[in-house]
Amino acid sequence: QVQLVESGGGLVQAGGSLRLSCAASLRAFSTYNMGWFRRAPGKEREFVAAISRLGITTNYADSVKGRFTISRDNAKNSVYLQMNSLKPEDTAIYYCAASSSVVLPMSGDEYSYWGQGTQVTVSS
């Protein structure tokens, strides 16, 4: 049974940092592109960041470029999202997801497996 389990969310003041982790029980983890998405209250789910199978290529939403960094450790079947200079508008539930797509996808439709999410709240 495939499981993606996020951790590291919490409450932080604006300007602060958080590091999200996602542990995956995926066989052949290194064959999956991994992504982070978020859903703010009353809004649609949106793409945050993605990383290719070997960590060579990354993509970011414009809203987080320069502030967030996605990384992965294939030996630990894990993907991370370092979030710096957090803003109140970053408040959302953050989800990690896995995709077997050939290209590095930014659309949630291309991701097959999803975690349950972790809440990030940024106070002003």
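The hydrophobic clustering, which links ILVMFWY residues whose side-chain heavy atoms are closer than 4.5 Å, places L4 and M106 apart. Hydrophobic clustering, with ILVMFWY side chains joined whenever heavy atoms are under 4.5 angstrom apart, groups V2 together with Y32. Put simply, V12 and L81 are part of the same group of oily side chains (I, L, V, M, F, W, Y) that touch within less than 4.5 Å, one to the next. Tracing side-chain contacts under 4.5 Å through hydrophobic residues (I, L, V, M, F, W, Y), one never reaches Y95 starting from M34; they form parts of separate clusters.
Contact annotation: the side chain of I51 approaches that of V79 to within less than 4.5 Å [non-hydrogen atoms, C-beta and beyond]. By the 4.5 Å heavy-atom criterion applied to side chains, R53 and F29 are not counted as neighbours. Put simply, the side chain of L20 reaches to within 4.5 Å of the side chain of M83, judged on heavy atoms. At least one side-chain heavy atom of Y111 sits under 4.5 Å from a side-chain heavy atom of P105.
Side-chain atoms of T91 do not come within 3.5 Å of backbone N or O of E89 as any donor-acceptor pair. Side chain of N77 to main chain of A24: a donor-acceptor pair is present (N/O by atom type, distance under 3.5 Å, no hydrogens or angles). Remark: side-chain polar atoms of E6 are paired, donor with acceptor, to backbone N or O of G117 under 3.5 angstrom. Looking only at distances, no side-chain donor or acceptor of T121 sits under 3.5 Å from a matching main-chain atom of L11. Not a single donor-acceptor pair under 3.5 Å links the side chain of R72 to the backbone N or O of G55.
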For a side chain to side chain contact (heavy atoms under 4.5 Å, CB included) check, start with the C-alpha distance between R67 and S85, then their side-chain angles and the critical distance, and finish with the verdict. CA-CA 6 Å; R67 300 188 298 123; S85 302; 4.0 Å; yes
Evaluate the criterion salt bridge (Lys or Arg N to Asp or Glu O under 4.0 Å) for residue pair K65 and D62; output intermediate values, then yes/no. CA-CA 5 Å; K65 277 181 184 175; D62 288 343; 3.2 Å; yes
Determine whether E46 and R38 satisfy the following criterion, salt bridge (Lys or Arg N to Asp or Glu O under 4.0 Å), listing intermediate values before the conclusion. CA-CA 5 Å; E46 65 172 350; R38 67 187 181 187; 2.5 Å; yes
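Around atom CD of Q116, no more than 12 heavy atoms belonging to other residues, nucleotides or ligands sit under 6.0 Å away.
Minimum interatomic distance between T57 and L104 (heavy atoms only, all atoms of both residues): O-CD2, 3.7 Å. Looking at every heavy atom in both residues, L86 comes nearest to L18 through CD1-N, 3.8 Å. Between N84 and S17, the shortest heavy-atom contact is OD1-OG, 2.9 Å. Taking every heavy atom of both residues into account, A98 and L26 meet most closely at CB-CD1, 3.6 Å. Counting all heavy atoms, side chain and backbone alike, F47 lies closest to Y60 at CE2-C, 3.8 Å. The two residues S124 and P88 come nearest to each other via the heavy atoms CB-CG, 3.9 Å.
Note that CD1 of I70 is 9.5 Å distant from SG of C22, once rounded to the nearest 0.5 Å. If you take OG on S21 and CD on Q82, they are separated by 9.5 Å, rounding to the nearest 0.5 Å.
The six-membered or imidazole ring of F68 lies away from that of W36, with a centre-to-centre distance of 6.0 Å or more.
A cation-pi arrangement is found for R19 relative to Y80, the charged atom lying closer than 6.0 Å to the ring centre and inside a 45° cone about the ring normal. Geometric assessment of R45 against the ring of F37 yields a positive cation-pi assignment under the 6.0 Å and 45° thresholds.
A donor-acceptor contact closer than 3.5 angstrom is absent between the side chains of N33 and S52.
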